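Before any comments, here is the structure.
To find a chain, count down the sequence lines: A is the first, B the second, and so on, and within it residues start at 1. No experiment lies behind these values; they were computed from the predicted model shown.
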Number of protein chains: 2
Amino acid sequence: MRRDIFQAIADPTRRAIIALIAVQAMTPNAIAENFNSTRQAVSKHLRILTECELVKQAHNGREIYYSLEIKKMKEIDQWLEQFRQIWETRFNQLDHVLTTIKKRKK
Amino acid sequence: MRRDIFQAIADPTRRAIIALIAVQAMTPNAIAENFNSTRQAVSKHLRILTECELVKQAHNGREIYYSLEIKKMKEIDQWLEQFRQIWETRFNQLDHVLTTIKKRKK
DNA sequence: AATATATGCAACCAAATGGTTTCTTATACT
DNA sequence: AGTATAAGAAACCATTTGGTTGCATATATT
């Protein structure tokens, strides 16, 4: 049961849910209306998203509004940071590194 | 067999592989030395990464150097773009939206 | 009080995942 | 030519995943 953000966003339905509630908090029923699967399936996705804290709940009577925990989304952004350095500064230099290795071996 | 970037980066070992070859192109054997699992396991990860074009190969004799396809990594960055707008401009407004809904229902 | 609605939880199931072991192929070394 | 090494492919296996159906619980509505 590895429950981290990366595993959470791996599923396309979950990414769609995230995109939905990013705009505005929604109840499980309202979210489920946007998909072909059952409410329970969506509920399970919400549970996974909640477990990794990508989503927060707000109870209102018998309804539960789910909304995105934007802070957590930033963690993906932070992970990308290390590669951003590469694609901004080095660009095609990876090929150079490769060429260097090849020459050294010959 | 959904083979997209998000599913590819879901696995921690694959993220580690990505981080490794981002710095410099490496052969499967060299990569496998950094992990506890067998070379074949790493090889399977490389296949998945190759299938979703996150990684490219460079053959050199019997060796195959794997390196990161930085362009593909940008796709994750692009997906984050929609949320970046939210966390930069709106910030705590999601809670406001929620409150609004609550009030409207009461 | 009785019924309807919103939600979560548990049991179950087929398919996918991550790993292993074994085998084959191709290139390098002696 | 014969052996060693690099790597991929296939078969197999336990576990996880995403989904379903059915049931329980709590809050609204009448």
Side-chain angles (χ1 to χ4, degrees), chain A residues 1-18 20-21 24-52 54-67 98 101-106, chain B residues 1-18 20-21 24-52 54-67 98 101-106:
Chain A
M1 219 185 296
R2 352 168 283 256
R3 213 120 273 185
D4 62 19
I5 348 166
F6 295 99
Q7 196 259 340
I9 63 165
D11 184 82
T13 305
R14 266 184 318 256
R15 284 201 301 282
I17 292 175
I18 289 172
L20 262 180
I21 63 173
Q24 134 163 10
M26 290 174 83
T27 64
N29 266 327
I31 296 168
E33 280 170 18
N34 295 276
F35 301 97
N36 291 329
S37 57
T38 59
R39 178 188 61 79
Q40 280 86 346
V42 171
S43 205
K44 273 181 102 175
H45 283 306
L46 285 170
R47 202 161 82 98
I48 290 167
L49 290 170
T50 307
E51 275 174 16
C52 72
L54 253 174
V55 144
K56 58 171 179 272
Q57 306 179 338
H59 294 258
N60 181 28
R62 66 180 162 179
E63 292 177 321
I64 300 175
Y65 283 86
Y66 285 88
S67 61
L98 184 60
I101 292 168
K102 276 186 183 171
K103 278 179 187 157
R104 214 171 40 209
K105 294 216 82 174
K106 272 173 189 164
Chain B
M1 219 185 297
R2 348 170 285 256
R3 212 120 273 185
D4 63 19
I5 350 166
F6 295 99
Q7 197 260 339
I9 62 164
D11 184 82
T13 306
R14 271 192 306 264
R15 285 201 301 282
I17 291 175
I18 288 172
L20 263 181
I21 63 173
Q24 131 166 11
M26 290 175 83
T27 64
N29 266 326
I31 296 167
E33 279 170 18
N34 295 275
F35 301 96
N36 291 329
S37 58
T38 59
R39 177 187 61 80
Q40 280 85 348
V42 171
S43 205
K44 274 180 100 175
H45 283 306
L46 285 170
R47 202 162 82 97
I48 290 168
L49 291 169
T50 308
E51 275 174 16
C52 72
L54 254 174
V55 145
K56 58 171 180 270
Q57 306 179 336
H59 294 258
N60 181 29
R62 66 181 162 179
E63 292 176 320
I64 301 175
Y65 282 87
Y66 285 87
S67 61
L98 184 60
I101 293 169
K102 277 188 184 170
K103 280 180 187 157
R104 211 170 43 209
K105 294 216 85 176
K106 271 173 190 166

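- Rounded to an integer number of Å, the gap from His59(B) NE2 to dG8(D) C1' is 11 Å.
- Nearest to the side chain of Gln57(A), among dG8(C), dG8(D), dA11(C), sits dG8(C).
- For Asp11(B), counting side-chain heavy atoms from C-beta on, the closest listed nucleotide (dG18(D), dA7(D), dG18(C)) is dG18(C).
- The distance between atom CD1 of Ile31(B) and atom C1' of dG8(D), rounded to the nearest whole Å, is 14 Å.
- At whole-Å resolution of the value, CG in Leu46(A) and P in dT7(C) are 10 Å apart.
- For the residue pair Arg15(B) and Ala10(B), the shortest heavy atom distance occurs at NH1-O, 3.1 Å.
- Note: CD1 (Ile48(B)) to C1' (dT17(C)) measures 8 Å, nearest angstrom.
- A side-chain contact (heavy atoms from CB on, under 4.5 Å) with Met26(A) holds for exactly one of Ile21(A), Ile64(A), Ile17(A); it is Ile21(A).
- Distance CG (Leu49(B)) to C1' (dT17(C)): 14 Å, rounded to an integer number of Å.
- Spacing between atom CG of Asn36(A) and atom C1' of dG19(D) amounts to 13 Å, rounded to whole angstrom units.
- Atom CG in Leu20(B) sits 11.0 Å away from atom OG1 in Thr13(B) (nearest 0.5 Å).
- Comparing Thr13(B) and Asn29(A) against DNA chain C, the residue whose closest nucleotide sits nearer the 5' end is Asn29(A).
- Each of Val42(B), Leu46(B), Leu49(B) was compared with Tyr66(B) under the side-chain contact (heavy atoms from CB on, under 4.5 Å) criterion, and only Leu46(B) meets it.
- Dashed line: the shortest gap from a side-chain N or O of Tyr66(B) to OP1 or OP2 of dG8(D) is under 4.0 Å.
- In this structure, Arg3(A) CZ and Thr50(A) OG1 are separated by 10.5 Å, a value rounded to the nearest 0.5 Å.
- Comparing atom distances between the Ser37(B) side chain and each of dG19(D), dT20(C), dT20(D) picks out dT20(C) as nearest.
- Contact between Gln7(A) and Arg14(A) at its shortest, heavy atoms only, is O-NH2, 3.3 Å.
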For a quick test of your reading: what N or O donor-acceptor pairs under 3.5 Å do the side chains of residues 27-36 of chain B make, sequence neighbours left out?
| from | atom 1 | to | atom 2 | distance (Å) |
| --- | --- | --- | --- | --- |
| Thr27(B) | OG1 | Ala30(B) | N | 3.3 |
| Asn34(B) | ND2 | Ala30(B) | O | 3.0 |
| Asn34(B) | ND2 | Ile31(B) | O | 3.3 |

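- Relative to the side chain of Thr27(A), the nucleotides dA6(D), dG18(C), dT7(C) differ in distance, and dT7(C) lies closest.
- Contact annotation: Arg3(B) side-chain N/O to dT17(C) OP1/OP2 distance is under 4.0 Å.
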Next item on the list: Give the B/S/- string for nucleotides 22-30 of chain C, one per nucleotide from 5' to 3', where a protein heavy atom under 4.0 Å of the base yields B, of only the sugar-phosphate yields S, and otherwise -.
Entry: B----BS--
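- Taking side-chain N and O atoms only, His45(A) has no distance below 4.0 Å to OP1 or OP2 of dT17(D).
- Side-chain N/O atoms of Thr38(A) include none lying less than 4.0 angstrom from OP1 or OP2 on dG19(D).
- Atom CG in Asp4(B) sits roughly 14 Å away from atom P in dA16(C) (whole-Å rounding).
- The distance between atom CZ of Arg47(B) and atom P of dG19(C), rounded to the nearest whole Å, is 14 Å.
- Applying the 4.0 Å criterion to OP1 and OP2 of dG8(D), one finds that Ser43(B) has a side-chain N or O inside that range.
- Residues Asp11(A) and Lys44(A) are not paired through a salt bridge, judged by the lack of any N-O separation under 4.0 Å between the basic side chain and the carboxylate.
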